[in-house]
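Down below is the structure, laid out as C-alpha cells.
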Amino acid sequence: MSANEPGSPAAGEARGFDLKAYLSRLPHRPGIYRMLGEGDTVMYVGKARDLRKRVASYFRSNAVGPRIAQMVAKVRRIETTVTRSEAEALLLESNLIKALRPRYNIVFRDDKSYPYVRITNHAFPRIAYYRGTVDRRNQYFGPYPNAWSVRQSLQTLQKAFRLRTCEDGVLANRSRPCLLHQIERCTAPCVGAISESDYARDVRDAVRFLRGEQGDVIRELEQQMHREAQELRFEEAARLRNRVSALASLQQQQAMEAGSDVDADVLAVVVRGGRACVNLAMVRGGRHLGDRAYFPMHAGEIDAGDEGFEDEVLEAFCLQHYDDGFVPPVIVASRDASSGALAQWLRERAGGKLQWVGRPIAQRRAWLDMARQNGELALSRLLAEEGSQQARTRALAEALGLAGDTDLDALRIECFDVSHTAGEATQASCVVYTHHAMQPSQYRRFNVEGIVGGDDYAAMRQVLARRYARVAEAETVAPELVLIDGGAGQVAVAREVFVELGLDPQALVGVAKGEARKVGLETLVFADGRAPLALSRDSAALMLVAQIRDEAHRFAITGMRMRRARARNVSKLEEIDGVGPRKRQRLLARFGGLRGIIAASVEDLAAVEGVSHKLAEEIYRRLH
C-alpha cells in the first residue's frame, strides 16, 4: 500500500494542500516513509511502528532537531509503504538506504572488508592473512578490525607454532629450507624436516588457541616443556619455553575476560562537535582483537539535538554493518535495544540466540568504557583533522578567488597526472577532493593509447578530452577546479581541450614544480591569462595543492607499475615458441600469474592442458 502526497507545510499551503487531511488518511500501521524533495529526489527514508504518528511528528513545531527541520523545509512529497510488521519495515528501510543513500539519513561508508587469519585445508596447512569471502574448505578466524591486529597475531603464532606461510607452489618446489626456518619461524615441511603428524599437532594447537582455549594450550605446552627438561632434552625444552612466552605475551595483550571464550562486539556511540562516531571493539574467543572507529557520511548535517539521535546512529550502524557480515552471539552497546525490531532482525541474521547487553556490568562494563574512550579519541582526532582541512580548503578558495560564490563544503577539485617509464605503459590518474577530503571511491585511471611514447602533452590531451566530453554533454557536473600536474605547456594543452569542448578554462590551474623540484616552491599557472601565483611555503592553500597533487602522482604511478608488470609478464610468455594466447591464458589461470609459473616444476607445467613435456621443459628453461 502506498500514499503519495505533498508533505511540507510550506509547500502544502502554496499548493492548497490540506496537511491535516493527508495525515488523517495515513494508517496506524507499521511501514516506511520516504521524504522527497525537488525533482523527486529521496532525501530521507524512515521506518515507523505507527505511520500516522511518526510522519505527523515531523510537522509539530519544535518537535525535531535542526537537521530534520532543514530537511522538512525542503520536502515536496511523501511516499509511504505499509508493511506487516516493524521488523519487515526495518529490513525495507535498510535496503532502501543502501540503494538510495539519501542525504539526510545516517549512512556509513560501505567498508565491510575485514581481514581474517586463514588456515588452509592441506596436508601441511598454511597460516596466512586473508581478506575476502570465506568458504567451507578452509578455516577462518576473525574477523579482525584491521590488518595490523591480524599481522600481530600471525607473528606471534609463527613464533609459537612455526606453521608455514608460503604458497602451495613454493612449498611443492623448494629443495632447501627458507630463511624463516633458519630464524625458527617455520618447521620446514617443504623439505620433510617435520612429520605430517607432528605438523598436524601444531596446527591443532594453533586452532585451539585462536578459538579461545589459550589457557589449556599454554598449560599443556608448559607440561611438555617440564617433561623435556626432566629427560635432559634442553634444546627442545628451550623451544617450548619460547612458545609459552610468546603465547602468554599475546594472551596478556589481548585478554578481556579471564576464563571466557566469548565472541562479542562492543559498540560505543560518541557525539560531539556536530559529528558522530561508532567505535566497534571486537572480542573473539575472549581475546580483544582491537577496535575500529566509524563515522557517518553527510556528517556535517547531523547534530545531537535530534530526539533519539544516538539510537538512530546505532540502529543505522547495525543495519549496515551486520547486513551481510558476521553477527556475534553477544553485542554490548551504549544504548539498549534488547527488545524491538532491531534485536529481532539481528537474531534472524545470527541464526540463533543473540544477547544484546544495553546495561552492562562488571567486565562487560569495562569493555564498553574502553570502547567509548577510544571512540572519543578517534572523534577528537577527526575533528582536529577536519578543522585543518576546512581551513586549507578555505585558504585555497580565497587564493584562487572562489570563496565568494562557492559552497566550500561542496567544492570539487579534480587533479590529473600522467605516468610512464620511458614511454612504456603510459597511464593517467584523476583524483577527487570534495567535502574537505580525498574521495578514493571517485578516483579514475586512464590507459593512454595511440600516442608517441613519452609525449606527455598528447597523453594529457587524450585524457582530458575523454573525461570532460561527458561534462560537455551535461552527463556529469563540472568541478569548480581542475589541477594539472605540470607547467605552462600542460596548461596550454588543457586550455585547448576545454575551448574545443565549450567549457570554461578559468577552472584550469597548473601546478608547476619549483627549482630542483623541491616541495613548497610550486607555482600555480592559470589558463585564463592571470599571472602565475607563487604561494608562501607555509601557505595552507599550497599545502592542500601539494596534498592533492601528490595523491594524483601516487595513484598514477602505482597504476602505471601494475600495467607495466602485466605487460612484461605476458611478453615473457609471448617470447616462447609454442605458447599461444590460449596456452598462455591457461598457464596464468593455473598458477595465478608469472610468479607462480616461475615457481612451478616441469611436471606441474606439463600437467596444464595443451602443454607437452617438451614445451614444459622449454618454458622452465626460458624462465630460469
Side-chain angles (χ1 to χ4, degrees), residues 97-101 103 105-115 129 131-133 143-148 150 275-278 280 292-301 317 320-321 323-325 378-379 381-390 392-393 396 408-419 425 427-448 463-464 466-468 470-471 476-485 511 543-563 565-566:
I97 290 173
K98 184 165 57 176
L100 302 173
R101 292 184 171 265
R103 178 176 180 180
N105 277 99
I106 296 171
V107 180
F108 290 84
R109 297 186 187 278
D110 187 15
D111 184 12
K112 300 177 185 174
S113 179
Y114 292 95
Y129 173 99
R131 189 188 291 269
T133 305
Y144 287 71
N146 51 58
W148 177 85
V150 177
R275 293 300 305 263
C277 169
V278 176
L280 166 65
R292 185 170 176 174
Y294 294 83
F295 305 96
M297 296 169 65
H298 318 315
E301 296 163 355
F317 176 81
Q320 295 166 52
H321 178 75
D323 181 39
D324 55 1
L379 189 55
R381 286 194 298 269
L382 178 73
L383 290 171
E385 291 169 2
E386 282 189 341
S388 175
Q389 282 298 100
Q390 289 171 3
R392 290 180 178 184
T393 305
L396 179 59
L408 296 184
D409 289 336
L411 176 68
R412 182 182 178 90
I413 303 174
E414 295 184 1
C415 182
F416 293 82
D417 186 25
V418 174
S419 183
Q427 191 167 79
S429 68
C430 171
V431 300
V432 177
Y433 177 91
T434 187
H435 299 300
H436 309 291
M438 303 305 301
Q439 305 294 332
S441 64
Q442 300 180 40
Y443 291 4
R444 294 294 180 267
R445 288 192 177 104
F446 300 85
N447 291 330
V448 179
V463 169
L464 292 176
R466 288 165 59 185
R467 165 67 184 96
Y468 292 108
R470 295 180 61 199
V471 173
T476 59
V477 178
E480 286 79 11
L481 180 62
V482 178
L483 297 178
I484 306 295
D485 185 22
V511 185
M543 291 178 186
L544 178 57
V545 169
Q547 175 192 349
I548 299 171
R549 188 272 319 275
D550 290 347
E551 177 67 354
H553 182 66
R554 179 201 66 79
F555 193 59
I557 200 168
T558 54
M560 179 273 296
R561 286 171 177 168
M562 289 189 294
R563 188 184 183 199
R566 286 194 297 268

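These values consider heavy atoms only, across backbone and side chains, with no hydrogens, waters or symmetry-generated copies.
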Report task. Taking side-chain contact (heavy atoms from CB on, under 4.5 Å) as the test, write out the residues that go with Asp485, two or more places apart. Result -> Asp417, Lys513, Arg549
Query - Listed partners of Thr393 passing side chain to side chain donor-acceptor pair (under 3.5 Å), at least two apart - result: Tyr433, His436
Query raised in the report: Could you go step by step and tell me if Phe416 and Val463 meet the side chain to side chain contact (heavy atoms under 4.5 Å, CB included) rule?
Result: CA-CA 9 Å; Phe416 293 82; Val463 169; 3.7 Å; yes
Report summary line: Residues passing the side-chain contact (heavy atoms from CB on, under 4.5 Å) test with Ala147, sequence neighbours excluded, are Tyr129, Arg131, Arg151
Requested in this report: Take Ile484 and Val511 through the test side chain to side chain contact (heavy atoms under 4.5 Å, CB included) and record every step on the way to the result.
Outcome: CA-CA 6 Å; Ile484 306 295; Val511 185; over 6 Å; no
Report task. Using the side chain to side chain contact (heavy atoms under 4.5 Å, CB included) rule, take Cys430 and Glu414 through it: C-alpha gap first, then chi angles, then the decisive distance, then the call. Result -> CA-CA 6 Å; Cys430 171; Glu414 295 184 1; 4.0 Å; yes
Query raised in the report: Does Gln442 have any side chain to side chain donor-acceptor pair (under 3.5 Å) partners at least two apart in sequence or in another chain, and if so, which?
Result: Arg412
**Report entry** Pairing residues for Tyr443 by the ring pair (Phe, Tyr, Trp, His ring centres under 6.0 Å) criterion, not counting sequence neighbours
**Finding:** Phe555
Query raised in the report: Between Val432 and Ile413, is any pair of side-chain heavy atoms under 4.5 Å apart?
Result: no
Report summary line: Arg554 meets the salt bridge (charged side-chain N to carboxylate O under 4.0 Å, His left out) criterion, sequence neighbours left out, with Glu551
Requested in this report: With sequence neighbours excluded, tell me which residues meet side-chain contact (heavy atoms from CB on, under 4.5 Å) with Gln547.
Outcome: Gln389, Arg392, Met438, Leu544
Report summary line: Taken in chain and number order and not counting sequence neighbours, the residues that satisfy side chain to side chain donor-acceptor pair (under 3.5 Å) with Arg466 are Gln462
Query raised in the report: Is there a donor in the side chain of Tyr294 and an acceptor in the side chain of Gln320, or the other way round, less than 3.5 Å apart?
Result: no
